[in-house]
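Presented below is the structure to which this report refers.
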Amino acid sequence: MTRQVLPVSFYARDTLVVAHSLVGKYLIRELPTGSRAGRIIEVEAYVGAHDLACHASKGRTKRTEVLFGRPGLTYVFLIYGMYHCLNVVTERVDHPAAVLIRAVEDESGLVDGPGRVCRAYAIDTSLNYHDLTTGRLLWIEDHGERVPKSQIGAFARIGVDYAGEWATKPWRLRLKTATGK
DNA sequence: AGATTGATCCAT
DNA sequence: TGGATCAATCTG
């Protein structure tokens with residue numbers, strides 16, 4: 001089976017295309033204790049500064065700077081003082097957009113929720129700005145699976161009610177798993 | 001439903 | 001420099 005580390009060209013595309021393509025890919029984390037891999041089940045797209053749900057809509061600050069950076073970088077932030085969220089930066093430099101990894105499935109079962117994913121994979125802000133294309137510490141692989149678009153459900157994004165009409169965009173994408181969950 | 005928890009941002 | 005805010009999760 002082919003196992004390809006996703007290259008910059010994967011991330012340097014339209015954010016909704018990247019988001020759809022990420023479903024069924026594998027998040028890989030290398031730790032001193034060994035490595036862990038999870039199939040990506042759910043993501044959310046944040047498409048640019050005009051998207052009022054996207055953190056970059058608040059402007060270019062220290063926190064959002066990475067969103068304006070190279071595709072294939074991570075954007076990791078702390079939320080509610082307790083949990084971390086992992087995003088992958090997309091599109092071209094100076095177009096601030098990203099995809100949030102919301103759920104994965106691995107040998108331990110479904111890891112459902114962005115804070116749980118980061119806890120399970122030991123991801124915190126020390127991995128902010130990490131280059132996902134290097135194949136070390138943290139990256140995403142294509143394992144050659146083809147996920148039919150009919151297997152991906154589209155829903156409103158979670159926790160962005162403040163974003164007005166942008167809150168209703170169907171940009172949360174979730175794989176319809178065998179268990180139906 | 002309410003509590004938790006702390007980095008960030010801007011004005012009250 | 002204080003306080004509101006927050007791409008969440010756990011417990012009741």
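Atoms considered below: every heavy atom in the structure, side chains included; atoms not considered: hydrogens, waters and symmetry mates. Since this is a predicted model, take the numbers as computed values, not measurements. Proteins get letters first, then strands, A, B, ... in listed order; numbering begins at 1 in each.
Taking the salt bridge (Lys or Arg N to Asp or Glu O under 4.0 Å) definition, one finds that A:Glu30 meets it with nothing, sequence neighbours left out. By the salt bridge (Lys or Arg N to Asp or Glu O under 4.0 Å) test, A:Asp161 pairs with no residue at all, sequence neighbours left out. When the ring-ring contact (aromatic ring centres under 6.0 Å, His included) test is applied to A:Tyr83, no partner is found at least two apart in sequence or on another chain. Legend: residues meeting side-chain contact (heavy atoms from CB on, under 4.5 Å) with A:Cys118, ordered by chain and number and at least two apart, are A:His84, A:Leu86, A:Ile123. Remark: A:Arg136 engages no residue in a salt bridge (Lys or Arg N to Asp or Glu O under 4.0 Å) (not counting sequence neighbours). A:Asp106 meets the salt bridge (Lys or Arg N to Asp or Glu O under 4.0 Å) test with A:Arg36; sequence neighbours excluded.
In this structure, A:Glu44 does not pair ionically with A:Arg157, as no charged nitrogen and carboxylate oxygen lie closer than 4.0 Å. Classification of A:Arg119 and A:Asp124 as a salt-bridged pair fails, no side-chain N sitting under 4.0 Å from a carboxylate O. No salt bridge links A:Glu141 with A:Lys25; every basic N to acidic carboxylate O contact stays at or beyond 4.0 Å. We find that A:Arg172 and A:Glu42 are joined by a salt bridge, their nearest charged nitrogen and carboxylate oxygen being less than 4.0 Å apart. Taking 4.0 Å as the cut-off between side-chain N and carboxylate O, A:Arg70 and A:Asp94 do not count as a salt-bridged pair.
In the hydrophobic clustering, where aliphatic and aromatic side chains (Ile, Leu, Val, Met, Phe, Trp, Tyr) are joined below 4.5 Å either directly or transitively, A:Trp166 groups with A:Leu16, A:Val47, A:Leu52, A:Trp171.
Paired runs in DNA chain C that reach 3 or more consecutive Watson-Crick or G-U pairs, where each pair keeps both distances under 3.5 Å, cover B:1-4 with C:8-11, B:6-11 with C:1-6.
Annotation: side chain of A:Ile140 is in contact with side chain of A:Val88 (closest heavy-atom distance under 4.5 Å).
Contact footprint of chain A on DNA chain B: nucleotides with an atom under 4.0 Å from a non-hydrogen protein atom, first to last in 5' to 3' order, B:dT4 to B:dC9.
Nucleic acid contact for A:Tyr46: base, since at least one base atom lies under 4.0 Å from a heavy atom of the residue.
At least one cation-pi condition fails for A:Arg174 and A:Phe155: the charged atom is not both under 6.0 angstrom from the six-membered ring centre and inside a 45 degree cone around its axis.
To the nearest 0.5 Å, the span separating CG on A:Leu100 from CG on A:Asn87 amounts to 5.0 Å.
Sorted by residue number, the members of residues 58-73 of chain A with any non-hydrogen atom under 4.0 Å from DNA chain B read A:Thr61, A:Lys62, A:Arg63. A heavy-atom distance below 4.0 Å to DNA chain C is reached by none of the residues of residues 121-129 of chain A.
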Distances for protein N or O near nucleotides 8-12 of chain C N or O, under 3.5 Å:
from, atom 1, to, atom 2, distance (Å)
C:dA8, OP1, A:Arg102, NH1, 3.4
C:dA8, O3', A:Gly115, N, 3.4
C:dT9, OP1, A:Gly113, O, 3.3
C:dT9, OP1, A:Pro114, N, 3.2
C:dT9, OP1, A:Gly115, N, 2.6
C:dT9, OP1, A:Arg116, N, 2.9
C:dT9, O4', A:Tyr83, OH, 3.4
C:dC10, OP1, A:Arg119, NH2, 3.0
C:dC10, OP2, A:Arg116, NE, 3.0
C:dC10, OP2, A:Arg116, NH2, 2.2

